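Structure first, then comments.
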Amino acid sequence: MVIRAYGTFRLDAGFPGWDGSEHGARLLQSELASQVQLSDALRMPLRTIAGFSAADTDDGRVRAAAVLLDVQTLEPLHAEVCKFPAPLPYVRELLGFRALPAMLETLSALPREPDLAMVEGHGIAHPRRCGLATHFGLASGLPTIGVARGRLAGAFVEPGPLEGEASRLRDGDQQIGWAVRTRSESPPIFVSPGHRVSLAASLEYSLQMQCGHRLPEPVHLARRLATQPDEWARPRRRGMRDTHSSRLV
DNA sequence: GCGACAG
DNA sequence: ATCTTGTCGC
């Protein structure tokens, strides 16, 4: 696959500049965070968006899923699932190192690059501003938004009770994302820029992709595919091309 | 006992 | 990530 940023990152070579240790991972995150772009680099009009999610497999690897959707209709156009060995056990704040390789495999397997990527996990709403979605954005070069179900960094006041209400997620005097009420009866989700997307746009696109679930539709579908690949195999949506990757599964 | 917990 | 009971609403 084409790696446009992240130095000379290659899947077969691992993370450049990482010695494999947890401490080294934290150092690299701080370095990567300085490369994040918080201005919008979206090609308008937006035609496609892809959701990405990762889960553990029973054999200790990581299973990632990607779902490509039409931005206008939110209909899924294509889906991919890949498995990849985990470079690290799960460590809080270091999820990017564990899940990124599998996720990049699903991206490279898509028939075309999406105009925007939405990753389940935090973007800059991370202690060192380098969550999974930021790793993904820097590695792929794609405009990327992070969407997470739980808070990792920052503080927020509870957003209003109605769908679409949001409040700032802030760390000290800096805003690092949003707490967003996507369903009136559910706790808020946490949205932040991954790379090449502004704070404002990250919120706007998350709300635009809402489809009745707590998570925006691209991430909702990717999560379902990553955590319950068997369920997905059963028919549920028309117009869906079943194109599971077999190369690495 | 209670809060916190990215995937 | 995953396991777990019961409940409510469409």
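In what follows, chains carry the letters A, B, and so on, assigned in the order in which the sequence lines appear, proteins first and then strands, with residues in each chain numbered from 1. All of these numbers come straight from a predicted model, not from anything done at the bench.
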Numerically ordered, the residues 173-188 of chain A set in heavy-atom contact under 4.0 Å with DNA chain B is none
Begin with the C-alpha distance, continue with both residues' side-chain angles, and end with the deciding distance and a verdict on side chain to side chain contact (heavy atoms under 4.5 Å, CB included) for A/S192 and A/I176.
-> CA-CA 6 Å; A/S192 62; A/I176 58 176; 5.9 Å; no
Would you mind reporting whether A/L74 and A/M209 have side-chain heavy atoms less than 4.5 Å apart?
-> yes
Side-chain heavy atoms of A/S206 within contact of A/V180, under 4.5 Å | no
According to a 3.5 Å limit on both distances, what stems of 3 or more consecutive Watson-Crick or G-U pairs are formed with DNA chain C?
-> none
Tell me, please, which residues at least two apart from [X] pass side-chain contact (heavy atoms from CB on, under 4.5 Å).
{"X": "A/A50", "result": "A/F52, A/L68, A/L110, A/P114"}
{"X": "A/S34", "result": "none"}
{"X": "A/D59", "result": "A/T57, A/R61"}

Hey, what do you get for CD1 (A/I124) to CG (A/L38), rounding to the nearest 0.5 Å?
-> 5.0 Å
What salt bridge (Lys or Arg N to Asp or Glu O under 4.0 Å) pairs are there with at least one residue in [range], not counting sequence neighbours?
{"range": "residues 140-153 of chain A", "value": "A/E120-A/R149"}
{"range": "residues 36-52 of chain A", "value": "none"}
{"range": "residues 124-142 of chain A", "value": "A/E93-A/R128, A/R129-A/D171"}

Readout for nucleotides 2-7 of chain B: B = base within 4.0 Å of protein heavy atom, S = sugar-phosphate only, - = neither; 5' to 3' it is ---SBB
Using the ring-ring contact (aromatic ring centres under 6.0 Å, His included) rule, collect all pairs that involve residues 143-187 of chain A, keeping only residues at least two apart or in two chains.
-> A/F156-A/F190
Start and end of the DNA chain C segment that chain A contacts, any atom under 4.0 Å from a heavy atom | C/dA1 to C/dT2
Taking the C1' atom of each, how far is B/dC5 from C/dT2, in whole Å?
-> 14 Å
Heavy-atom closest contact (A/A222 atom, A/A65 atom, distance) | O-CB, 3.5 Å
Enclosure of A/Q72 CD (heavy-atom neighbours >12, cutoff 6.0 Å) = no
Does A/F97 have its ring centroid less than 6.0 Å away from the ring centroid of A/H135?
-> yes
List DNA chain B stems (3 or more consecutive Watson-Crick/G-U pairs, under 3.5 Å)?
-> none
Pick out which of A/V71, A/T73, A/V67 makes a side-chain contact (heavy atoms from CB on, under 4.5 Å) with A/L69.
-> A/V67
